[in-house]
**Q** 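Have a look at the structure that comes next, please.
Values below: every heavy atom of this structure, side chains too, minus hydrogens, waters and symmetry copies. Naming: A, B, ... by sequence-line order, numbering from 1 per chain.
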Number of protein chains: 2
Amino acid sequence: MSSRSAGRGEGRPTLEAVAALAGVGRGTVSRVVNGAAGVSPRARTAVEQAIAELGYVPNRAARSLATSRADAVALIIPETETRLASEPFFASIIRGVASELSETELQLLLILVSTERERRRLAGFLDGRRVDGVLMVSVHADDPVAELVESTGLPTVLGGRRSELEPLSYVNSDNLGGAWSAVRHLLGLGRRRVATITGPLDMEASCVRLEGYRRALEEAGVAVESPLIAHGDFSEESGEEAMAELLGREPALDAVFCASDLMAAGAMRALRRAGRRIPTDVAVVGFDDSPLARHTEPTMTTVRQPSEEMGRAMARLLLEEIAAPGRSHRQIILSTDLVVRESA
Amino acid sequence: MSSRSAGRGEGRPTLEAVAALAGVGRGTVSRVVNGAAGVSPRARTAVEQAIAELGYVPNRAARSLATSRADAVALIIPETETRLASEPFFASIIRGVASELSETELQLLLILVSTERERRRLAGFLDGRRVDGVLMVSVHADDPVAELVESTGLPTVLGGRRSELEPLSYVNSDNLGGAWSAVRHLLGLGRRRVATITGPLDMEASCVRLEGYRRALEEAGVAVESPLIAHGDFSEESGEEAMAELLGREPALDAVFCASDLMAAGAMRALRRAGRRIPTDVAVVGFDDSPLARHTEPTMTTVRQPSEEMGRAMARLLLEEIAAPGRSHRQIILSTDLVVRESA
DNA sequence: CCAGCAAATGGGAGCGCTCCCAACTTTCGA
DNA sequence: TCGAAAGTTGGGAGCGCTCCCATTTGCTGG
């Protein structure tokens, strides 16, 4: 049903074969295939028939060579360790990107970069212009991979930004608002000793979430105390350690806002081990609303960020950027919302 | 640091430019670039120098056109609904595949197929020979996507198989042994009314896990009763429903083996709602050892399948198949092991 | 009835690379 | 010392497609 005649790579019909069968020139066939104007109805039908008969499919390499377009975009995930697997966030991004791209002719190249070797390989790859644009998530402030991508001058869209003055286009979620509403929720519950576990501070999202925490506290007239702030790296283990640390410094804390669900899960574990009841003794709020949040015990109150939509928006932005290169860069902020469950 | 001179696509140096600068012919440069033998040391250094000086990177489209290789493989995930996001299994596969591929020149194309439109697009894509091989996971028995792939004649490796007489190469985990040991564990705990929630029966893995369940029971001289068997589709909701159904039919059951962690999580929820204690009243075992298993309450006993290794093995097999096409197809079975936690 | 213009069409000239062969060197054995 | 074998090298001939221009065809108006 798919490839006619001998399925081998060699026998595949070319533009020329179609032209011959349809009794027209290559140019005409090309026009039909690419939906260009200026083809008589008669010629068009003849060509379409020939295409169907031969089962013609254009050779992308040849097209690429002639047009110097790649018809592909890369999604770069600089994943340290096992984050890809443990954080469904990435999977959602992938889904969003893929679904948006499926409307187009563009292919999606997935590039996981963790080692130095892979980074070098990426450099050559991008310089080889095998893609028309680049999507990149999980960017750290001085990420060499991001710099590499930026230096290629390819259309690029980031998921998240490196700093407030991010020169590249990006899609971000409202980290400030999300964190703020999480902490406000905690305060609304009457909690006053609210701690926070941040993500890695070389990621802007972490800083902004911390800032949201600060603002909510200040607005409520509650002092921001550094013993109530601990740092993690988004991983579950780091959340567990940070929580233990917090508990050691501030035994009286009655709530904690974690910059990721994974860390919140770790924190919950640490709290349980310390004999604290959740949420009675300590209320916990996470960030992401990953599937995990519905499986912790108690279920987790968390800030939902629309990760799939984020992937979609990234892809859309990239398409625009590819279509109109040089245009000034754009950014999209997606709103977050608090999902209240049992833990707070 | 990456692209010299005017970064624009046009100004990029070609093979010819390198040849000119090095004072040799195109053939020699090509030989050097491709590490072919038969180049004098003198010529080789001259070429290498020129390449460095010009920052030359071969144009892949041109190479593809000339060699009719694509230097890429596709990973096809026929994902229904949100499975990609909810099942870290896929993420692990991706990681494994990507890490194995990073040793090579091959690029990884990710193709998510869920709609009919996307399937048609895939057909054209594969016929366009844009990849040298195909990797595919989550295959259903009469999966049209799998048939499509098979019909292209491209080197292909499946994750899982469609039936016992799967003609394509595949990597599979020991579903039979895994299920068997899970149920044996349950029996060892003294449980005698052991139920099971299967996956979709149009997937071989589901059938085999069910078979493992049967055998363990039979070996122990325990009758296999159909009221103790319910069917799900690997999703959490289906697990919940199936468990409710089971409870209705067989209130006295004291254990349940679920063909996926997600369904086990759903089952646990249903049990809790029905007032059954886990594992006191009903012991639960899942399958996959997804991250989720460590977050349920109680934590889940489950069968671990090495999903990342599965991805790796798939990639390795595909590389072999691409290198030596026509060679008879191969299969690899990865062993599973039981991870005992609190739920059983 | 024909000049004059627009629409349609054919096909040459690449795109940058690999393949392969003819030609040239060098080396070695007799 | 010479011919043959082995080692090198250059570059023509594509790979299949798009771009673009010259040419042909089909109309319209004077």
Side-chain angles (χ1 to χ4, degrees), chain A residues 3 8-48 50-51 54-72 105 124 127-130 132, chain B residues 8-48 50-51 54-72 105 124-125 127-130 132:
Chain A
S3 63
R8 306 285 304 294
E10 13 275 70
R12 325 202 59 248
T14 68
L15 231 210
E16 192 113 31
V18 175
L21 180 58
V24 301
R26 290 195 334 275
T28 303
V29 178
S30 178
R31 262 161 247 146
V32 171
V33 170
N34 296 293
V39 180
S40 68
R42 227 171 63 76
R44 162 160 283 123
T45 13
V47 170
E48 281 166 348
I51 288 179
L54 257 30
Y56 169 74
V57 178
N59 178 317
R60 301 305 267 281
R63 180 180 287 180
S64 273
L65 182 55
T67 60
S68 68
R69 272 175 307 156
D71 283 327
E105 279 288 81
D127 278 344
R129 285 294 184 278
R130 296 203 51 182
D132 300 317
Chain B
R8 307 285 303 295
E10 14 276 73
R12 326 201 58 249
T14 69
L15 231 210
E16 192 114 30
V18 175
L21 180 59
V24 301
R26 290 197 330 279
T28 303
V29 178
S30 178
R31 262 162 244 143
V32 171
V33 169
N34 296 293
V39 179
S40 66
R42 225 170 64 76
R44 162 160 282 121
T45 10
V47 171
E48 282 167 347
I51 287 180
L54 257 31
Y56 170 74
V57 178
N59 178 318
R60 302 302 268 280
R63 179 179 288 178
S64 273
L65 182 56
T67 59
S68 69
R69 272 175 307 158
D71 284 329
E105 280 287 84
F125 174 79
D127 279 344
R129 286 292 185 280
R130 296 203 51 183
D132 300 318

**Q** Which whole-number value in Å describes the distance from B/L65 CG to C/dG16 P?
**A**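 So the two atoms are 12 Å apart, to the nearest Å.
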**Q** Just the rounded figure in Å: distance from C1' of D/dG14 to CG of B/L15.
**A**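 It is 15 Å, rounded to the nearest whole Å.
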**Q** Walk me through whether B/E105 and B/R69 qualify under salt bridge (charged side-chain N to carboxylate O under 4.0 Å, His left out).
**A** CA-CA 12 Å; B/E105 280 287 84; B/R69 272 175 307 158; over 6 Å; no
**Q** Given that A/G27 and A/G38 both sit by DNA chain C, which one's nearest nucleotide is further toward the 5' end?
**A**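 Going by which nucleotide is closer to the 5' end, it is A/G38.
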**Q** Report the distance from atom CG of A/N59 to atom P of D/dC17, rounded to the nearest whole Å.
**A**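 After rounding, the gap between these two atoms is 6 Å.
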**Q** Reckon B/R26 touches a base, only the sugar-phosphate, or nothing at all at heavy-atom distances under 4.0 Å?
**A**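 Base contact.
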**Q** Rounded to the Å, how far apart are A/R60 CZ and C/dC17 C1'?
**A**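 Interatomic distance, CZ of A/R60 to C1' of C/dC17: 20 Å.
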**Q** Nearest whole Å is fine: how far is D/dG16 P from A/R12 CZ?
**A**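 After rounding, the gap between these two atoms is 10 Å.
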**Q** With heavy atoms under 4.0 Å as the rule, sort B/S68 into base, sugar-phosphate or nothing.
**A**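 Nothing, no nucleic acid heavy atom in range.
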**Q** With sugar-phosphate meaning primed atoms plus P, OP1 and OP2, does B/V39 contact a base, only sugar-phosphate, or nothing at under 4.0 Å between heavy atoms?
**A**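 Sugar-phosphate, no base atom in range.
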**Q** Under 4.0 Å, counting only non-hydrogen atoms across every strand here, what does B/A61 touch: a base, just sugar-phosphate, or nothing?
**A**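 Here B/A61 touches no strand at all.
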**Q** Scan A/V33 against the nucleic acid and name what it touches under 4.0 Å (heavy atoms): base, sugar-phosphate only, or nothing.
**A**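 No contact.
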**Q** Just checking B/R31: base, sugar-phosphate only, or nothing, at a heavy-atom cut-off of under 4.0 Å?
**A**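 The residue B/R31 makes base contact.
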**Q** Judged by each residue's nearest nucleotide on DNA chain D, which is more toward the 5′ side, B/A66 or B/T28?
**A**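 Its nucleotide being nearer the 5' end, the pick is B/T28.
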**Q** Should B/S30 be listed as having a side-chain N or O under 4.0 Å from OP1 or OP2 of C/dC17?
**A**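 The answer is no; no side-chain N or O of B/S30 sits under 4.0 Å from OP1 or OP2.
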**Q** Backbone N or O of A/R26 within a donor-acceptor pair of the A/S30 side chain at under 3.5 Å?
**A**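 No.
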**Q** So what does A/A43 hit on the nucleic acid, given a heavy-atom distance under 4.0 Å: a base, only sugar-phosphate, or nothing?
**A**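 Sugar-phosphate contact only.
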**Q** Using atom CZ of B/R69 as one end and atom P of C/dG16 as the other, report the distance to the nearest whole Å.
**A**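 In whole Å, C/dG16 P lies 19 Å from B/R69 CZ.
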**Q** I'd like to know if the side chain of B/N34 reaches the main chain of B/A36, judged simply by a donor and an acceptor atom lying under 3.5 Å from each other, with no hydrogens or angles considered.
**A**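 No, because the side chain of B/N34 does not come within donor-acceptor range (under 3.5 Å) of the backbone of B/A36.
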**Q** Find the distance B/D71:CG to C/dT18:P and express it as a whole number of Å.
**A**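 Interatomic distance, CG of B/D71 to P of C/dT18: 10 Å.
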**Q** Test A/L21 against A/L54 for side-chain contact (heavy atoms from CB on, under 4.5 Å), laying out the working first.
**A** CA-CA 9 Å; A/L21 180 58; A/L54 257 30; 3.7 Å; yes
**Q** Strictly below 4.0 Å: does A/S40 bring a side-chain N or O up to OP1 or OP2 of C/dA7?
**A**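 No, A/S40 has no side-chain N/O under 4.0 Å of OP1/OP2 on C/dA7.
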**Q** Over how many whole Å does the gap from A/R44 atom CZ to C/dA8 atom C1' extend?
**A**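 Roughly 12 Å, once rounded to whole Å.
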**Q** About how many Å separate CZ of A/R31 and CZ of A/R44, when rounded to the nearest 0.5 Å?
**A**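 Answer for the CZ-CZ pair, A/R44 versus A/R31, is 10.5 Å.
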